[in-house]
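Notes follow once the structure below has been shown.
Residue numbers begin at 1 in each chain, while the letters A, B, ... track the order of the sequences.
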Protein chains: 2
Amino acid sequence: MTTAPYHHGNLRAALVEAAVAAARESGPDGLVVRHLARRVGVSHNAAYRHFSDRDALVAEVAEVGMGELTTAMRRRTDRVPPGADPEGEVLAARARLSECGRGYVDFALAEPGLFRVLFAAYPSPPSLGTDGTKDPDDPFVVLNALLDDLVRVGHLAPEARPGAEITCWSAVHGFAVLHSEGPLRELDEATRSAALDVVLETIDRSYGATTGAGRGAAGPG
Amino acid sequence: MTTAPYHHGNLRAALVEAAVAAARESGPDGLVVRHLARRVGVSHNAAYRHFSDRDALVAEVAEVGMGELTTAMRRRTDRVPPGADPEGEVLAARARLSECGRGYVDFALAEPGLFRVLFAAYPSPPSLGTDGTKDPDDPFVVLNALLDDLVRVGHLAPEARPGAEITCWSAVHGFAVLHSEGPLRELDEATRSAALDVVLETIDRSYGATTGAGRGAAGPG
DNA sequence: CAGTGATGTTGACACCGGCAACATCGAGGA
DNA sequence: TCCTCGATGTTGCCGGTGTCAACATCACTG
């Protein structure tokens with residue numbers, strides 16, 4: 001029985017791991033520095049040798065969560081096979097956008113704690129346009145690429161492209177927030193799934209109709 | 001100069017008022033029982049004669065916020081004049097839905113603190129269908145009424161009605177969250193306003209196309 | 001082998017939510 | 001009129017938390 005060495009040897013990583021686990025279990029409120037320290041077998045305050053602040057630790061967890069969210073989205077979109085003919089490409093691009101949204105919501109429901117931490121420390125997306133260095137771990141980048149594709153295959157009118165990323169993100173994010181820990185948290189699985197279908201179909205249908213039709217009532221009054 | 005009396009006389013109301021003010025300034029984190037007590041000129045712990053818990057006080061603030069949110073929405077929708085002919089009624093109903101969303105977002109941006117407190121303690125909406133006792137202070141009730149109207153005037157197909165309330169709420173709530181204190185918080189006013197237009201137009205356009213058209217890619221894969 | 005910087009520990013402080021015991025005061029019955 | 005009693009407010013305290021400061025340990029480097 002070797003007595004525990006004075007130095008941990010890998011404290012920073014161990015703390016992050018414990019923090020991620022705690023975030024999964026209890027969200028931001030579960031990220032208690034002293035608890036994590038004890039969980040890792042180290043005295044309180046040791047964490048401050050590796051993180052200036054509790055916030056710094058939270059940010060680290062958020063980054064891990066961001067990666068997982070992006071992965072969840074990509075896993076979904078990558079499963080859509082490419083279309084054979086032009087019409088198939090359109091269907092594929094539309095399906096990819098929907099799957100992307102489903103991945104987002106699935107993650108939020110499967111990992112509500114991480115999801116909350118994530119958005120407590122989400123940085124301003126660097127590129128709201130299409131340029132700038134694209135962080136491949138940023139969900140926003142993934143979404144933008146899918147929407148560009150939707151224009152390329154001719155489903156979404158180029159005039160309707162600006163702002164589409166915010167529309168999609170808003171719809172899916174709102175759905176996720178309302179259902180994961182918000183006022184709709186008690187809906188049963190079937191109802192929730194059907195509601196998400198409606199959200200995604202609503203967007204898809206709208207983008208299929210971007211030929212200068214619906215205008216008039218939506219402008220500022 | 002009369003010395004302050006031992007009993008406050010109206011402590012509960014004063015505390016709620018101070019709490020609402022604090023929530024406006026700093027959100028949920030600003031709701032510190034001891035600060036509120038001092039602010040009202042009373043010692044800490046006096047609050048516990050009127051609220052069992054800090055959470056009880058937060059819930060009270062949330063209720064005030066809920067009322068203000070509903071008011072903000074109604075103020076907007078009420079400004080849309082009724083349509084003269086059937087076609088005008090359609091335009092009016094569509095405009096009312098958009099104005100409702102704008103009111104929601106405006107409130108979230110004007111009162112980010114209250115907005116956050118509100119959704120930290122938002123109860124599960126009692127009636128997800130159309131029946132049940134309708135709390136006139138519940139924004140969800142307002143939204144449902146507008147959507148029913150949209151069906152009545154023939155803009156939204158009855159088959160597309162189920163789930164529409166969740167779609168609209170999701171889109172607008174997500175937009176509000178992302179912009180009020182989320183990753184899009186730094187967007188300038190003009191960009192933000194244009195983006196909201198896009199969101200509302202996207203929904204309006206989709207509802208105008210609910211004639212059995214767009215289907216195929218959005219179903220579960 | 002001394003020493004030095006990185007890492008971990010101990011102890012303290014301020015702050016917060018909440019409990020318990022005590023103080024004050026107004027209203028209503030003797 | 002007086003006196004009790006319940007509602008309201010106060011003081012003091014406890015446990016938990018983030019964070020700072022001073023000290024301890026250890027691995028490496030000259």
Are B/Ser43 and D/dT11 close enough that a side-chain N or O sits under 4.0 Å from OP1 or OP2?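 For D/dT11, OP1 or OP2 has a side-chain N or O of B/Ser43 closer than 4.0 Å.
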If the cut-off is 4.0 Å, is B/His50 near the phosphate of D/dG9, judged by side-chain N/O to OP1 or OP2? yes
In this structure, are over 12 heavy atoms from other groups packed under 6.0 Å from B/Glu181 atom CD?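 Buried by this count: over 12 neighbours within 6.0 Å.
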Nucleic acid contacts - residues 12-28 of chain A versus DNA chain C, non-hydrogen atoms under 4.0 Å: none
Of the residues in residues 29-39 of chain A, which ones touch DNA chain C at a heavy-atom distance under 4.0 Å?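 The stretch gives A/Arg34 as the residues lying under 4.0 Å from the strand, ordered by number.
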What parts of residues 51-62 of chain A reach DNA chain D, counting only heavy atoms under 4.0 Å away? A/Asp53, A/Arg54
Summary of side-chain hydrogen bond (donor to acceptor under 3.5 Å, both in side chains) pairs that have at least one residue in residues 104-113 of chain A, sequence neighbours excluded: A/Arg24-A/Glu111, A/Arg76-A/Asp106, A/Tyr104-A/Trp169, A/Tyr104-A/His173
In chain order, what residues pass the salt bridge (Lys or Arg N to Asp or Glu O under 4.0 Å) check against A/Arg152, with sequence neighbours excluded?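 If we apply the salt bridge (Lys or Arg N to Asp or Glu O under 4.0 Å) test to A/Arg152, skipping adjacent residues, the hits are A/Glu89, A/Asp149.
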Residue list, side-chain hydrogen bond (donor to acceptor under 3.5 Å, both in side chains) with A/Arg12, at least two apart or on another chain: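 Result, side-chain hydrogen bond (donor to acceptor under 3.5 Å, both in side chains) vs A/Arg12: A/Glu60.
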Between B/Arg74 and B/Glu68, does any side-chain N to carboxylate O distance fall below 4.0 Å? no
Could you check how far CG of B/Asn10 sits from C1' of C/dG26, rounded to whole Å?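 Taking CG of B/Asn10 and C1' of C/dG26, I get 16 Å after rounding.
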Roughly how many Å is it from CZ in A/Arg49 to P in D/dA24, rounded to a whole number?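 These atoms are roughly 14 Å apart.
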Under-3.5 Å donor-acceptor pair between B/His44 side chain and D/dG9 base: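 Looking at the base of D/dG9, it does not pair with any donor or acceptor on the side chain of B/His44 (distance under 3.5 Å).
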Should A/Arg96 and A/Thr77 be marked as a side chain to side chain donor-acceptor pair (under 3.5 Å) after you check the CA-CA gap, both sets of side-chain angles, and the distance that decides it? CA-CA 5 Å; A/Arg96 266 191 285 272; A/Thr77 61; over 6 Å; no
